[in-house]
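Report on one structure; see the data block that follows.
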Number of protein chains: 2
Amino acid sequence: MGNLADRIEQYIKEAMARAEEGYVVLQRGILAEAFACAPSQINYVLDTRFTVERGYLVESRRGGGGYLRIVRLEVAADGLLHEVMGQLIGDSVSQERANSLLARLYDEEILTAREAAIIKSVLSREALGGRGPEENTLRARLMKRIITTLCREDLQ
Amino acid sequence: MGNLADRIEQYIKEAMARAEEGYVVLQRGILAEAFACAPSQINYVLDTRFTVERGYLVESRRGGGGYLRIVRLEVAADGLLHEVMGQLIGDSVSQERANSLLARLYDEEILTAREAAIIKSVLSREALGGRGPEENTLRARLMKRIITTLCREDLQ
DNA sequence: GACCTTATGACCTTCTCTGACCTTACGTAT
DNA sequence: ATACGTAAGGTCAGAGAAGGTCATAAGGTC
């Protein structure tokens, strides 16, 4: 956690946690100045950490009075877990994408740390690997089945 | 035992012993510099001494702020886990066999109902199926990884 | 000498960070 | 209205900072 991107991510997440409404509004220039970095570094953090897979939406406006608005997408609240995840997973999913999705489910407390670790281990490249493009297809299939299982009435 | 690999191994194990959480975080470059050796020598040590068979798991990240994280597995975790692991040595496990192993783990309260359900869903024929004999091999591989994950000390 | 373990260096992949340049929005003077 | 200046944010290529891999050399052991 020594690097800049991680610290900026941390900062935004803390602001997010304090926010009442499920979103925060920031200014890129100000943030960049606070962390003494190039403004584009903020974009880098947003692009890599606050993605849709991880459960965030970023809106922005340029010009005078411009801003960044980072919105938290909660899938737990409304019972859309199955639909939303199904969409995000699709027919093929890379290990990186899968990990982002898992991180989100853990953040939203849909998964425990142990559950997330178990799932991560079976969806890893080493576990599924060897079959080239088929690997991503298999991963998607497995992940969808897991989500379906999580939605089962008797496990809530 | 005066050789480099042994000394590096020793050093990491000492750091490990001091660690509270069951893992240590190191940087390959720094370690290599400390021992005045090629960075790849660190990989050699990790590959030969900190393997799963010897009770360790290694995770890493590249790029700026990269690191190595060495996680200790609970060696004496549970007799049952070892027994189950032993049953998997065969390299091939049928769905029925997997289910009965899972049932035992659940009965012994090593797995929660949710965890068991998740695992069962990914090890099912429908999830893995289509590849005939390969299916049982893949199932065994996945299951070994799951058991290993359950032994992670940082998840206890 | 045959064989296994250890060690290195060249080359690769991934992740981070910056700077130059681009686009959009607003305000104000004409 | 139009034009222009200023104040944002956006994009992208490229440098830099890690760790990974693999062939091969060097050392030990029998």
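Note that this is a predicted model, so its numbers are computed, not measured. Just so it is clear: chains get the letters A, B, ... in the order the sequence lines come, proteins before strands, and each one is counted from 1.
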Check your understanding: Just by protein heavy atoms under 4.0 Å, how would nucleotides 25-30 of chain D read 5' to 3' in B, S and -?
Key -> ------

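The separation between B/Leu4 atom CG and C/dT8 atom C1' is 11 Å, rounded to whole Å. The CZ atom of A/Arg28 sits 12 Å away from the C1' atom of C/dT24 (whole-angstrom rounding). To the nearest angstrom, P of D/dA17 lies 13 Å from CD of B/Glu33. Remark: P of C/dC17 and CG of A/Leu46 are 14 Å apart, rounded to the nearest angstrom. Atom pair B/Gln27:CD and C/dC15:P shows a separation of 16 Å (rounding to whole Å applied). To the nearest angstrom, P of C/dT18 lies 15 Å from CG of A/Asp47. A/Asn3 places its CG atom 15 Å from the C1' atom of C/dT18, with the value rounded to the nearest Å. Atom CD of A/Gln95 and atom C1' of C/dT13 are 14 Å apart (whole Å).
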Show the atom names and distances, to 0.1 Å, of all donor-acceptor pairs under 3.5 Å that link a side chain in residues 136-148 of chain A to residues at least two apart or in another chain.
from     : atom 1 : to       : atom 2 : distance (Å)
A/Asn136 : OD1    : A/Arg139 : NH1    : 2.8
A/Thr137 : OG1    : A/Pro133 : O      : 3.4
A/Arg139 : NE     : A/Leu123 : O      : 2.7
A/Arg139 : NH1    : A/Val93  : O      : 2.9
A/Arg139 : NH1    : A/Glu135 : OE2    : 3.4
A/Arg139 : NH2    : A/Leu123 : O      : 3.2
A/Arg139 : NH2    : A/Glu135 : OE2    : 2.6
A/Arg141 : NH1    : B/Glu126 : O      : 3.3
A/Arg141 : NH1    : B/Ala127 : O      : 2.7
A/Lys144 : NZ     : A/Gly90  : O      : 2.9
A/Arg145 : NE     : B/Ser121 : O      : 3.1
A/Arg145 : NH2    : B/Ser124 : OG     : 3.1
A/Thr148 : OG1    : A/His82  : NE2    : 2.9
A/Thr148 : OG1    : A/Lys144 : O      : 2.9

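With a 3.5 Å ceiling on both atom-pair distances, the Watson-Crick or G-U wobble partner of D/dC30 is C/dG1.
With sequence neighbours left out, the side-chain hydrogen bond (donor to acceptor under 3.5 Å, both in side chains) criterion links A/Arg72 to no other residue.
Residue B/Glu33 places its CD atom among 12 or fewer non-hydrogen atoms of other residues, nucleotides or ligands, all under 6.0 Å distant. For A/Asp91, the CG atom counts as loosely surrounded, since its 6.0 Å shell holds 12 or fewer non-hydrogen atoms of other residues, nucleotides or ligands. Counted within 6.0 Å of CD on A/Gln87, heavy atoms from surrounding residues, nucleotides or ligands total 12 or fewer; the atom is thus considered open.
Residues from residues 59-67 of chain A placing a heavy atom under 4.0 Å of any atom in DNA chain C, listed by number, are A/Arg61, A/Arg62, A/Gly63, A/Gly64. If you check residues 36-43 of chain B against DNA chain C, the residues with a heavy atom closer than 4.0 Å are B/Cys37, B/Ala38, B/Ser40, B/Gln41, listed by number.
When each of A/Ala5 and B/Tyr44 is assigned the nucleotide of DNA chain C with its nearest heavy atom, B/Tyr44 is the one assigned upstream, toward the 5' end.
Residues A/Val75 and A/Leu111 share a single hydrophobic cluster, defined by chaining ILVMFWY side chains whose heavy atoms lie under 4.5 Å apart.
In the hydrophobic clustering, B/Leu26 connects to B/Leu4, B/Ile8, B/Tyr11, B/Ile12, B/Met16, B/Val24, B/Leu31, B/Phe35, B/Ile42, B/Val45, B/Leu46, B/Phe50, B/Tyr56, B/Val58, B/Leu68, B/Ile70, either directly or through intervening members, whenever side-chain heavy atoms lie under 4.5 Å apart.
Judged by distance alone, with hydrogens and angles left aside, the side-chain atoms of B/Gln156 form no donor-acceptor pair with the main-chain N or O of B/Glu153 at under 3.5 Å.
Scanning both residues, B/Ile110 and A/Arg114, for their nearest heavy atoms gives O-NH2, 2.8 Å. For the pair A/Thr48 and A/Arg54, the tightest heavy-atom approach, listed with the atom from each and the gap, is O-NH1, 3.9 Å.
The residue A/Arg49 sits close only to the backbone: its heavy atoms come under 4.0 Å of sugar-phosphate atoms, none of a base.
A cation-pi arrangement is not found for A/Arg61 relative to A/Tyr67, the charged atom failing to lie both closer than 6.0 Å to the ring centre and inside a 45° cone about the ring normal.
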